[in-house]
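The structure under discussion appears below in the form of structure tokens.
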Amino acid sequence: MPGSVPPLVNRIDRIASTPEGRKYLADVLMNGVSGPIKANGTAYSAEMPPFRYLKDEEVAAILSWLSQRGNIKPAPSISATEIATARADRKSAGKVATEREELDRTQPLP
Ligand code: HEM
């Protein structure tokens with residue numbers, strides 16, 4: 001579905017380069033995110049559903065796998081512990097979008 005959801009390869013590795021970025025990624029998977037957001041110069045305004053039904057290890061493996069597909073070597077990996085921490089701090093998808101805006105100010109997102 002090009003155009004309806006943001007690209008992840010070559011972006012997740014960059015976002016995951018800091019602890020704050022990894023926290024954001026974990027929050028997206030645990031709570032979803034509801035726009036509007038701007039990624040790679042394109043605006044998106046849809047809602048991503050949460051993936052809480054997946055295990056911490058599974059979510060960590062998906063994010064780490066996507067990170068490995070990017071250009072940063074060695075690729076940052078996301079741990080199951082980071083996912084568990086985000087799981088315990090449930091928030092709305094709108095709150096995650098606000099968190100993204102704040103993160104973008106300190107760590108401009110690709
Ligand atoms: C396990 C699979 C998935 C992963 C790892 C994933 C990951 C992500 C991440 C990290 C973001 C934030 C991107 C950013 O901040 O730049 C995002 C956004 C988004 N995702 Fe997913 N996603 C997945 C599955 C899905 C599915 C199945 C859908 C559609 C039903 C979806 C729809 C969206 C949408 C619409 C956004 C943008 C939300 C907005 O406009 O606020 N995602 N996804």
Side-chain angles (χ1 to χ4, degrees):
M1 294 194 295
S4 42
V5 303
L8 299 176
V9 170
N10 268 325
R11 295 189 57 253
I12 284 204
D13 55 332
R14 290 159 71 186
I15 298 171
S17 301
T18 64
E20 294 76 20
R22 291 195 293 279
K23 175 181 185 294
Y24 165 68
L25 292 172
D27 276 349
V28 169
L29 273 292
M30 287 300 103
N31 305 290
V33 56
S34 91
I37 67 170
K38 202 172 180 190
N40 201 16
T42 305
Y44 298 87
S45 195
E47 182 153 351
M48 166 155 164
F51 282 77
R52 295 181 76 87
Y53 63 87
L54 295 177
K55 295 187 178 72
D56 297 339
E57 292 75 17
E58 292 170 332
V59 176
I62 292 166
L63 288 173
S64 298
W65 181 84
L66 286 164
S67 175
Q68 282 161 19
R69 302 266 115 21
N71 290 327
I72 297 180
K73 305 292 173 203
S77 64
I78 294 89
S79 71
T81 307
E82 286 172 309
I83 304 300
T85 303
R87 188 187 294 277
D89 181 22
R90 190 161 199 177
K91 56 187 83 167
S92 69
K95 180 95 202 315
V96 178
T98 306
E99 181 185 324
R100 188 187 196 277
E101 276 173 35
E102 286 158 9
L103 179 63
D104 193 38
R105 279 198 281 275
T106 51
Q107 173 187 340
L109 298 174

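Atoms within each ligand, like the ligands themselves, are counted from 1 in listed order. If you read the sequence from its start, that first residue is 1, and numbering goes on from there.
Taking every heavy atom of V5 and a limit of under 4.0 angstrom, the matching atoms of ligand 1 come to 32 (C), 33 (C), 34 (C), 35 (C). Applying the 4.0 Å criterion to heavy atoms of Y44 picks out, from ligand 1, the atoms 40 (O). Taking a cut-off of under 4.0 Å to the non-hydrogen atoms of S45, the atoms of ligand 1 that pass are 40 (O). Per-residue contacts place R100 under 4.0 angstrom from the following atoms of ligand 1 (heavy atoms of the residue considered): 14 (C), 15 (O), 16 (O). Every atom of ligand 1 with a heavy atom of P49 under 4.0 Å away is listed here by number and element: 30 (C).
For atom 22 (N) of ligand 1, the candidate residues are M48, E58, E99; the nearest heavy-atom contact is made by M48. Ranked by closest heavy atom to atom 11 (C) of ligand 1, the top entry among V28, L103, L25 is V28. Comparing heavy-atom distances from atom 2 (C) of ligand 1 across F51, Y24, W65 singles out F51 as nearest.
Judged by the shortest distance from any of its heavy atoms, L66 lies inside the 4.0 Å radius around the atoms of ligand 1. Proximity of V33 to ligand 1 is established by a heavy-atom distance of less than 4.0 Å.
With a 4.0 Å cut-off on non-hydrogen atoms, P6 touches ligand 1 through its side chain and not its backbone. In S34, the part holding a heavy atom less than 4.0 Å from any atom of ligand 1 is the backbone. Neither the backbone nor the side chain of A97 has a heavy atom within less than 4.0 Å of ligand 1.
Comment: D27 engages K23 in a salt bridge, judged by a side-chain N to carboxylate O separation of less than 4.0 angstrom.
The closest donor-acceptor contact from the side chain of K73 to the backbone of Q68 lies under 3.5 Å.
Taking a 6.0 Å sphere around NZ of K91, one finds it holds more than 12 heavy atoms contributed by other residues, nucleotides or ligands.
With sequence neighbours left out, T18 forms a side-chain contact (heavy atoms from CB on, under 4.5 Å) with E20, Q107. In terms of the side-chain contact (heavy atoms from CB on, under 4.5 Å) criterion, residue partners of T98 (sequence neighbours excluded) are, by chain and number, E102.
Donor-acceptor pairing under 3.5 Å is recorded for the side chains of N10 and N71.
The shortest non-hydrogen separation linking I37 to R100 is CG2-CD, 3.6 Å. In terms of heavy atoms, R87 sits closest to R52 at NH1-O, 2.7 Å.
Note: an N/O pair closer than 3.5 Å links A46 and ligand 1 by distance alone. When only interatomic distances are considered, the shortest N/O to N/O separation between E47 and ligand 1 does not fall below 3.5 Å.
Checking L8, V59, L63 one by one against L25, the side chain to side chain contact (heavy atoms under 4.5 Å, CB included) holds for a single residue, L63.
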- Message: side-chain contact (heavy atoms from CB on, under 4.5 Å) for F51 and I62? Distances and angles first, verdict last.
- Response: CA-CA 11 Å; F51 282 77; I62 292 166; over 6 Å; no
